Amino acid sequence: MDSFICLDRNKLTPGYSNFPILPLIFAGMSAYLDELNESQRLAVINYEGPSMVIAGAGSGKTRVLTYRIAYMIDQGIDPFNILALTFTNKAASEMKERITKIVGDSDARSVVMGTFHSVFSRILRINSERLGFPQNFTIYDTQDSKSLIKDIVKELNLDDKLYKPSVVYGRISTAKNQLVSSDEYANNAEIISEDYANKRPMMATIYKTYVTRCFKAGAMDFDDLLFYTNVLLRDFPDVLQHYQYKFRYILVDEYQDTNFAQYLIVKKLAAVFENICVVGDDAQSIYSFRGANIQNILNFRKDYPDFQLFKLEQNYRSTQVIVEAANSIIKNNRDQIEKKVWTENDLGTKIKIVRTLTDNEEGNLVANRIFDMKRGEGLEYRDFAILYRTNRQSRAFEEALRKLNLPYKIYGGLSFYQRKEIKDILAYFRLATNLKDEEALKRIINYPKRGIGQTTQEGFIIKSAEKGLTFFEGLTDPDILNAFASGVRSKITEFTTMIQSFHAQIDKLPAYDMAMEIAKSSGLLKELYNEKDKGPEEVERYQNIEELISGIKAFTQQNQENETKTLPEFLIDVALLTDADEQKDEDRNKVSLMTIHSSKGLEFKHVFLVGLEENLFPSQMSLHSRAELEEERRLFYVALTRAEKTCTISYANSRFVFGSLQTSEPSRFITEIDRQYTEHETTQHGGGRSLKSGRIAEPAFSGGLNRLSTPPAKNLRSLDELKQSNGTNPDFQASSLSDLKVGYNVLHETFGRGKVIQITGNGDDKRAVIFFPKEGSKTLLLRFAKLQIVEE
DNA sequence: AACAACGGGCTTTTT
DNA sequence: GCCCGTTGTT
């Protein structure tokens, strides 16, 4: 929640800066270089000229990037001249944090660091008038864009089945990512014939209308941020030159995920000094569906023929088994850069492959294993992750984890800022900031209910368009107003007066004051407050609003230079934030559930990779082409390489798809893993408690692995050793007690064998009376009791 | 204008 | 199975 508060707002002031004279180089400042291996060190110290770093999974890529920047600063490069582009806000803030530790706060703060979208949205704001956009332009999120497209399709009297917002949006988005403007789109024979073939001849018209409407609304969508940055740098040479000189050193993280629009921005900015460093791993390119172009990596050598290439191939994250298994998968791909990832880490245990009957059973199995492993090996919840292909799969795991009282956190899904109540209040902020923001206006004109219904709205929209006015201008236009009944007129005027009064104060009042005023005067706060007793969801909504407002309060008070932070400033980054960027304290020690996509860049001791079934993973949508299948395979590679110690792969024989039971085949990816690194487990059905099948580490592998570059693994016996050293009975394994019943025979570590006599209480207060022949009857709080179920 | 009931489509991934 | 939007009802 408060990451946007902490996010440093780099000042990208217009106007030319004086180029600083480089201070002398001081030797001995760079002790941290000793922490690097040879190839990492080379990648850090050779910071002049174009270079490409191919960084295998877990090879210390972030370390190289941060040290490289720190080293540059140590060598006298002005941090003000460094631009570092990352893929997520989280990556940017992490890197900034690490750099701060090395070079100190003030230097670190001067480095411009952020995602393409956030960095260039700020540059666009500074130069907005060149493009005819207001400085406070709105950023439309996907929802806004689709809603606008829907309106346009309706206004053009087109078939909304044929021109589905998601399809149209995707098409426009692809075009913009390729820097194809709406005019170029309309004039491109190939594109047009494609649209005709798909029976969507009006696509070009929709695209053009969409662009016009966004412009009139003073709004840019996600893709526009990159598109218009290109326009800005193309049409205004002085602007281009300014940023070329400002950003003399450019670093791009996750280069394999950049699209053409991003590629060209970087190329242009780097054209003068060519101090460009791109870091990436072609094997981890998983975003081609949104325009990422793996060719950007391959083209790098053409653009900068004398570039330096650094390969980071030593993996520090995972066991040999994981690394080699991952290698064995990825070699099935045709398109890739030659490299060999290796590790000096322990051999580790084989990848377990388990089958369950249903998706629910898969959930129970994984939850039970986590429960058992955590108890048995003294692990933390945070050591576990469940990774899946699609968000909808989270459900079964969620339920199973809840049954066992295991704390978990689901990442992805609906972000905080996409919740209805948050979007509603933000829409007020947006409209008050930018009166032209049509999507915001549509959202709130009758929310809370103020008697301005659909017919009235449509009337105003049509009449405003006829007069060439924006929706909001139409609402205040005397001629248009007079066409409506006096009751309607007064309601409209009351609304517009309120918004205008917000608008008049918005640049003057501190963000928090303004936000409170809007929340109160709009009636929104009251509306949500009144609904609070309806149910827990309503309470949560109210709390979300409270959370947002307290976030704004913190933002307002951050006040570094004693300046007043206003609401429009608050809005700048909000559209670009997802709560994947934020980590609340209470979420720190929980089992993580997320899609493989969102797991990129993360690591976990123990990974459960679930739903490995044909048509699910690889996704059915990917089976049309080799390229798509290879992307799925890279996704599998990413998933596997998240694991430090163990990876358990599961699949279900059948699962519910769209409400009906479908049978499924195991994924082809399972068999693609070199067999010497896997073991298939058989489980008993009905929830998969692993008591009897045992999860004691397997004995050493036979043959095959000897060719690995390191001595035999120490940790083959580690599980047993760990147990011994903890002084506990190696045979003792605490069981999940959620379905303990009267009559069960159990084993207690000190009391020995006993029988359950009675169970009382619920939840945390659940107790069992157990009779131990040696000790007599004991009442144990199940929350703490460590019992092994011997017999049911 | 407000609410309930119904039906359709959806599910790949997200800055 | 669920969410969303549309339709029908008062």
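Since this is a predicted model, take the numbers as computed values, not measurements. So you know, we letter chains A, B, ... as the sequences are listed, proteins then strands, and number each from 1.
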Requested in this report: Measure from CG on A:Asn391 to C1' on B:dT13 and round the result to the nearest Å.
Outcome: 8 Å
Requested in this report: Could you say whether the aromatic ring of A:Phe658 and the base of B:dC10 stack, counting only centre distances under 5.5 Å and plane angles under 30°?
Outcome: yes
Query raised in the report: Within the structure shown, what part of the strands sits under 4.0 Å from A:Lys600 by heavy-atom distance: base, sugar-phosphate, or nothing?
Result: nothing
Requested in this report: Would you mind reading off the distance between A:Lys164 atom NZ and B:dG8 atom C1', rounded to a whole angstrom?
Outcome: 11 Å
Query raised in the report: Do A:Tyr210 and A:Ser145 have a side chain donor and acceptor closer than 3.5 Å?
Result: yes
Query raised in the report: Looking at A:Ala440 and A:Asp437, what are the two nearest heavy atoms and their distance?
Result: N-OD1, 3.0 Å
Query - Given B:dT14, B:dG9, B:dA2, the nucleotide with the shortest approach to the side chain of A:Asn446 - result: B:dA2
Requested in this report: Keeping the roles fixed (side chain from A:Ser599, backbone from A:Leu602), state whether a donor-acceptor pair exists under 3.5 Å.
Outcome: no
Requested in this report: Report the relative orientation of the aromatic rings in A:Phe397 and A:Tyr388; use parallel for angles under 30°, tilted for 30 to 60°, perpendicular for over 60°.
Outcome: parallel
Report task. Rounded off to whole Å, could you give me the CD1-to-P distance for the A:Ile452 and B:dA2 pair? Result -> 11 Å
Query - Short side-chain N/O contact to B:dT14 OP1/OP2 from A:Thr595, under 4.0 Å - result: yes
Query raised in the report: NA contact type, A:Gln620, heavy-atom cut-off 4.0 Å: base, sugar-phosphate, or nothing?
Result: nothing
Query raised in the report: Over how many whole Å does the gap from A:Lys449 atom NZ to B:dA1 atom C1' extend?
Result: 8 Å
Requested in this report: Determine if A:Tyr287 stacks with B:dT14; use a centre-to-centre distance below 5.5 Å and an interplanar angle below 30° as the criteria.
Outcome: no
Report summary line: When rounded to whole Å, the OH to C1' distance for the pair A:Tyr163 and B:dG9 reads 20 Å
Query raised in the report: Roughly, in whole Å, what's the span from CD in A:Glu254 to P in B:dT14?
Result: 15 Å
Query raised in the report: Take atom CD in A:Glu399; do more than 12 heavy atoms of anything else shown fall under 6.0 Å from it?
Result: yes
Query raised in the report: Quick one: is A:Ser118 getting a side-chain N or O under 4.0 Å of the B:dT15 phosphate, OP1 or OP2?
Result: no
Query raised in the report: Out of A:Asn333, A:Asn332, A:Leu623, which one pairs with A:Leu629 under the side-chain contact (heavy atoms from CB on, under 4.5 Å) rule?
Result: A:Leu623
Query raised in the report: For A:Asp223 and A:Gly453, take the nucleotide of DNA chain B holding the closest heavy atom to each; which residue's nucleotide lies nearer the 5' end?
Result: A:Gly453
Report task. Grab the CG-P distance between A:Leu635 and B:dT14 for me, whole Å please. Result -> 10 Å
Query raised in the report: Counting just side-chain N and O atoms, does A:Asn89 come under 4.0 Å of either OP1 or OP2 of B:dT15?
Result: no
Query raised in the report: Can you check the A:Phe289 CZ to B:dT14 P distance for me, whole Å?
Result: 7 Å
**Report entry** Donor-acceptor contact present, side-chain A:Asp281 to main-chain A:Gln256, <3.5 Å
**Finding:** no
Report summary line: For nucleotides 2-10 of chain C, 5' to 3', base contacts (B), sugar-phosphate-only contacts (S) and non-contacts (-) with protein non-hydrogen atoms under 4.0 Å give S--SS----
Report task. Using the closest heavy atom to pick a nucleotide of DNA chain B for each, name whichever of A:Phe116 or A:Ser166 lands nearer the 5' end. Result -> A:Ser166
Query raised in the report: Do we get A:Lys267 above A:Tyr263's six-membered ring, with its NZ or CZ under 6.0 Å from the centre and within 45° of the axis?
Result: no
